[in-house]
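This report refers to the structure that appears directly beneath it.
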Amino acid sequence: MAKQEIKKFKTDSGIPVKRIFSSKDLTNISNDEEAGKYPYTRGLYPDMYRERVWTMRQYSGFGSAEETNNRFRFLLEHGQTGLSLAFDLPTQTGRDSDNPYSQGEVGRTGVAISSIDNMMTCFQNIPLDKVSTSMTINSTASTLLSLYIVVAESQGVSSNNLRGTTQNDILKEYIARNTYIYPPRESMRIIGDMIQFCSKHVPQWYPISISGYHMREAGSNAIQELAFTFANAIEYINTCVSRGLKVDEFAPRLSFFFCCTMELFEEVAKFRAARRIYAKIMKERFGAKSEKSTHLRFHVQTSGESLTAQQVDNNVVRVTLEALSAVLGGCQSLHTNSRDEALALPTEESVKIALRTQQIIANETGVTKTVDPLSGSYYLEYLTSEIEEGVEKYLKNIEKIGGSLAAIETGFFQEEIRRNAYQLKKEIDYNDRIIVGVNKFQDQNDVEPKLNSIDPEIEIRQVKKLKEFKKSRDQTKVNSELSTLQRFAEKEDENLMPHIISAVKAHVTLGEISDVFVDIFGRYEPKFSF
């Protein structure tokens with residue numbers, strides 16, 4: 001009789017999982033470390049959530065600036081502690097709402113922002129010296145930050161007092177998300193300008209949030225998510241250092257953005273390993289002297305890809321477990337997805353449940369009473385070390401290729417993610433990976449919930465307002481600002497941020513600024529295919 005094959009268990013990243021773990025499996029145990037001390041495996045701060053809980057920063061923004069302003073005030077009234085702004089695809093890709101290519105997309109995946117008028121409306125009656133704002137924007141981040149600075153000035157708030165983050169991570173756009181405009185090297189110039197400008201003029205702002213989230217959502221595993229994110233971080237840091245900036249001048253204002261998906265212990269271990277890896281990179285590779293330069297500050301969003309259109313109430317459970325993983329891993333801020341996001345932009349009811357999920361974890365579970373509560377678990381410590389080892393192998397390989405830019409240009413990152421995504425899809429198709437309500441425990445009587453819908457009139461009203469805005473401005477002044485911007489864009493050693501700020505003050509639109517840069521830098525087209 002043939003011997004029955006023993007099933008081999010592994011994590012989502014392919015790390016082998018034994019029946020039981022013991023001290024013999026630990027190679028780099030961290031439970032004797034102090035939180036708040038290098039390499040920060042156990043947490044950035046000595047008291048972590050005992051002193052202050054994470055920032056509850058719910059991602060929002062849809063339709064018009066007026067609607068987004070209403071949603072912001074709704075969230076603030078219900079206890080949200082930070083704003084997080086989503087933009088529509090035209091805004092993300094440098095097109096005004098009245099551009100023919102914008103048709104059908106205005107206000108669909110986020111708020112439409114084409115002008116200073118839109119940005120003023122978005123933050124009306126919201127004191128920018130009292131809130132922290134995160135903007136999920138990349139290719140046009142320099143223009144959106146400029147608009148935000150000008151809105152603050154109109155409120156009498158100095159840029160010195162602004163707190164928040166621009167995602168501004170263009171490298172991951174070429175890898176996973178594809179809302180790029182200019183070629184990689186030219187885009188890196190603009191990012192360098194922003195980091196340099198903010199270090200001097202917007203000192204409390206995080207000018208970049210280096211993102212693993214979108215690569216994870218595209219199909220990478222936990223090890224790839226960290227490795228590719230840190231490879232990109234190294235590229236950004238090298239860019240700043242090559243400009244003559246000292247690491248300790250800008251590194252404390254670098255931040256990160258990670259995904260948290262369903263494998264609870266691997267996700268907790270991922271965040272612990274991430275702090276350790278980054279601290280070593282900053283200290284050993286870049287010679288950072290300031291403790292703050294070695295701190296990995298990160299925002300987490302629960303996984304949108306893990307949500308299902310079937311049995312949407314199950315998503316509340318998924319989001320709760322993912323949020324718990326992020327908290328046990330020591331995040332600094334957190335967004336919890338809403339149950340209906342696999343079908344539409346969330347309703348106010350769903351958004352409130354998502355926010356309440358965080359508040360319940362913070363106030364009712366007891367997980368905030370001690371720092372790094374899972375430390376010392378043989379399994380968790382084993383996973384933390386295995387993830388660190390896997391990330392280091394990837395980083396060495398990327399270094400051999402020539403760094404992130406070279407790896408993007410050759411398609412290395414993209415192929416690695418595609419291969420892993422394909423494997424995940426096969427596992428679901430063959431029922432080797434169970435998704436409740438999708439390939440097991442289906443419910444034929446599943447009822448679709450009431451969904452949020454975007455009023456098609458929003459696009460008509462937005463385009464009409466924008467055309468009126470353009471007609472009412474001083475066109476001579478606009479032309480002068482555009483000529484100035486073009487002249488300085490042609491000079492590689494000129495920081496473009498002051499000139500973009502000047503342009504938006506003169507009512508130059510986001511699309512017009514982007515078009516100037518396209519004329520100088522070109523529009524990116526991938527050179528490889530799979």
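Keep in mind that the numbers below use all heavy atoms, side chains included, and drop hydrogens, waters and symmetry copies. Index from 1, following the sequence.
- Side chain to side chain, Glu225 and Ser220 fail the donor-acceptor criterion of an N or O pair below 3.5 Å.
- By the 4.5 Å heavy-atom criterion applied to side chains, Tyr422 and Lys426 are counted as neighbours.
- Screening Trp54, Tyr40, Phe256, Phe271 for a ring pair (Phe, Tyr, Trp, His ring centres under 6.0 Å) with Phe298, the sole residue that qualifies is Phe271.
- With hydrogens and angles left out, the side-chain atoms of Glu322 and Ser306 include a donor and acceptor closer than 3.5 Å.
- The closest side-chain donor-acceptor pair between Asp129 and Asn161, if any, does not fall under 3.5 angstrom.
- Residues Asn69 and Gln124 have side chains that never bring a donor and an acceptor to within less than 3.5 angstrom of each other.
- Among all heavy-atom pairs drawn from Asn168 and Pro207, the shortest one is ND2-O, 3.0 Å.
- In this structure, the side chains of Ile126 and Leu83 come closer than 4.5 Å at one or more pairs of heavy atoms.
- Arg108 contributes no side-chain N or O that, together with a main-chain N or O of Asp88, makes up a donor-acceptor pair within less than 3.5 Å.
- Closest approach of Asn160 to Pro203, counting heavy atoms only: OD1-CD, 3.5 Å.
- Side-chain contact, Ser303 with Glu217: a donor N or O sits under 3.5 Å from an acceptor N or O.
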Self-check item: Residues Met215, Phe413; criterion side-chain contact (heavy atoms from CB on, under 4.5 Å); working and verdict
Solution: CA-CA 9 Å; Met215 293 184 281; Phe413 292 133; 5.7 Å; no
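- Under the 6.0 Å cut-off for aromatic ring centres, Tyr394 and Phe230 do not qualify, their centroids lying 6.0 Å or more apart.
- Thr347 contributes a side-chain N or O that, together with a main-chain N or O of Ser350, makes up a donor-acceptor pair within less than 3.5 Å.
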Exercise. Please lay out, stage by stage, how Ser114 and Gln462 fare under the test side-chain contact (heavy atoms from CB on, under 4.5 Å).
Key: CA-CA 9 Å; Ser114 295; Gln462 166 69 3; 3.9 Å; yes
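- Comment: Lys280 engages Glu388 in a salt bridge, judged by a side-chain N to carboxylate O separation of less than 4.0 angstrom.
- A donor-acceptor contact shorter than 3.5 Å links the side chain of Asn439 to the backbone of Arg433.
- Side chains of Thr140 and Thr143: no donor on one and acceptor on the other come within 3.5 Å.
- The closest side-chain donor-acceptor pair between Arg177 and Gln92 falls under 3.5 angstrom.
- Side chains of Thr229 and Asn232: a donor-acceptor N/O pair is absent below 3.5 angstrom, by distance only.
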Quiz prompt | Residue pair Glu416, Arg419: steps toward the salt bridge (charged side-chain N to carboxylate O under 4.0 Å, His left out) verdict | solution = CA-CA 5 Å; Glu416 287 290 294; Arg419 189 180 295 119; 2.7 Å; yes
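- Between the side chain of Gln224 and the backbone N or O of Asn221, at least one donor-acceptor pair lies under 3.5 Å.
- Proximity of Glu348 to Arg71: side-chain heavy atoms (C-beta onward) are separated by under 4.5 Å at one or more points.
- In this structure the side chain of His201 never reaches within 4.5 angstrom of the side chain of Ile149, judged on heavy atoms.
- The pair Lys393-Glu389 meets the salt-bridge criterion, with a side-chain N (NZ, NE, NH1 or NH2) lying under 4.0 Å from an Asp/Glu carboxylate O.
- A donor-acceptor pair is defined here as one N or O able to donate and one able to accept, closer than 3.5 Å; no such pair exists between the side chain of Thr55 and the backbone of Arg57.
- Salt bridge present: Glu381 and Arg272 bring a charged side-chain N and a carboxylate O closer than 4.0 Å.
- The only member of Thr302, Thr357, Ile353, Thr336 that meets side-chain contact (heavy atoms from CB on, under 4.5 Å) when paired with Thr320 is Thr357.
- Taking the side chain as every heavy atom from C-beta outward, Phe123 and Thr133 approach each other to under 4.5 Å.
- Between the side chains of Gln310 and Asp443, no donor-acceptor pair of N or O atoms lies under 3.5 Å.
- Side-chain contact of Ser211 with Gln167: a donor-acceptor pair under 3.5 Å is absent, judged by distance alone.
- Remark: the backbone N or O of Arg339 is paired with a side-chain donor or acceptor of Asn315 at under 3.5 angstrom.
- Listed for the Glu67 side chain is no donor-acceptor partner under 3.5 Å among the backbone atoms of Ile458.
- Using a cutoff of 4.0 Å between basic side-chain nitrogens and carboxylate oxygens, Glu267 and Lys270 are scored as salt-bridged.
- The local environment of CZ in Arg356 is crowded, with over 12 non-hydrogen atoms from other residues, nucleotides or ligands closer than 6.0 Å.
- Proximity of Lys292 to Arg297: side-chain heavy atoms (C-beta onward) are separated by under 4.5 Å at one or more points.
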